[in-house]
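Right, one structure below, let's go through it.
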Amino acid sequence: MRHTPHVAFVILTVVFGACAPKAPVDLAAEREALLALHERILDAHRTDNLDDWLALEADTVVVGSRGELFRSPKSESAGMRRNYLAAAEFSAYRDLQPPIVHVSGDGSLGWVFAQVEIVGRYLVPDTTSIHDVWAWVELYERRPEGWRLVGNVSTAKP
């Protein structure tokens with residue numbers, strides 16, 4: 001029982017350390033970080049940079065599209081996105097208005113609401129012009145490695 005005071009000290013340190021207040025989250029800085037990630041997604045479209053786009057995502061992303069909700073593993077979406085980027089050429093992929101960015105008070109979740117104009121052309125199977133407006137929300141979760149995109153819901157303007 002010689003170690004009882006030491007064990008008790010360690011236990012109390014762990015318990016009270018877990019209860020200690022955490023440093024406040026700099027919400028403005030976190031919103032700027034999410035806005036920068038959103039811009040990287042737009043830039044990845046303009047520059048065909050699939051690797052940069054995928055680097056922002058969690059291993060599985062929940063997607064809402066065309067009235068469906070599904071989980072999209074990164075391993076499966078990479079091939080589809082590679083084909084999409086190879087089949088299109090974009091002259092514009094830009095925000096039509098400043099995105100609305102929010103971060104939860106504890107800094108663990110964030111989202112970006114965006115309205116994006118897309119201009120370009122499809123190259124395959126033939127040349128077809130693209131001029132679309134999309135609205136979407138990007139859902140982010142703070143992970144040990146940083147922010148990761150965990151969800152996306154989008155809709156095209158009719």
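- Using a 4.5 Å heavy-atom threshold, the side chains of Leu35 and Pro99 count as touching.
- By the 4.5 Å heavy-atom criterion applied to side chains, Thr127 and Tyr122 are not counted as neighbours.
- No side-chain donor-acceptor contact under 3.5 Å links Trp136 and Gln115.
- For the atom pair Asp43 CG and Tyr93 OH, the distance stands at 12.0 Å (nearest 0.5 Å).
- By the 4.0 Å N-to-carboxylate-O rule, Glu89 lies too far from Arg46 to be salt-bridged with it.
- In this structure the side chain of Leu56 reaches within 4.5 angstrom of the side chain of Arg40, judged on heavy atoms.
- Note: Arg81 CZ to Leu54 CG = 6.0 Å, rounded to the nearest 0.5 Å.
- Here the straight-line distance linking atom CG of Leu27 with atom NE2 of His102 works out to 8.0 Å at 0.5 Å rounding.
- Rounded to the nearest 0.5 angstrom, Glu57 CD and Lys74 NZ are separated by 6.5 Å.
- The shortest distance between side-chain heavy atoms of Asn152 and Val137 does not fall below 4.5 Å.
- Atom CZ of Arg143 sits about 11.5 Å away from atom OG of Ser108, to the nearest 0.5 Å.
- Ring pair Trp53/His45 is tilted by interplanar angle, where 30° to 60° counts as tilted.
- Contact annotation: the side chain of Glu117 approaches that of Arg94 to within less than 4.5 Å [non-hydrogen atoms, C-beta and beyond].
- Between Tyr84 and Arg82 the shortest side-chain heavy-atom distance does not fall below 4.5 Å.
- Residues Glu30 and Trp147 have side chains in contact (heavy-atom distance under 4.5 Å, counting atoms from C-beta outward).
- Not a single donor-acceptor pair under 3.5 Å links the side chain of Ser72 to the backbone N or O of Ser77.
- For Asn49 and Thr47, the side-chain atoms include no donor-acceptor pair closer than 3.5 Å.
- One distance of note links CG of Asp52 with CD1 of Ile41; it measures 9.5 Å at 0.5 Å rounding.
- Inter-residue side-chain proximity for Leu42 and Val116 is flagged as met; some heavy-atom pair is nearer than 4.5 Å.
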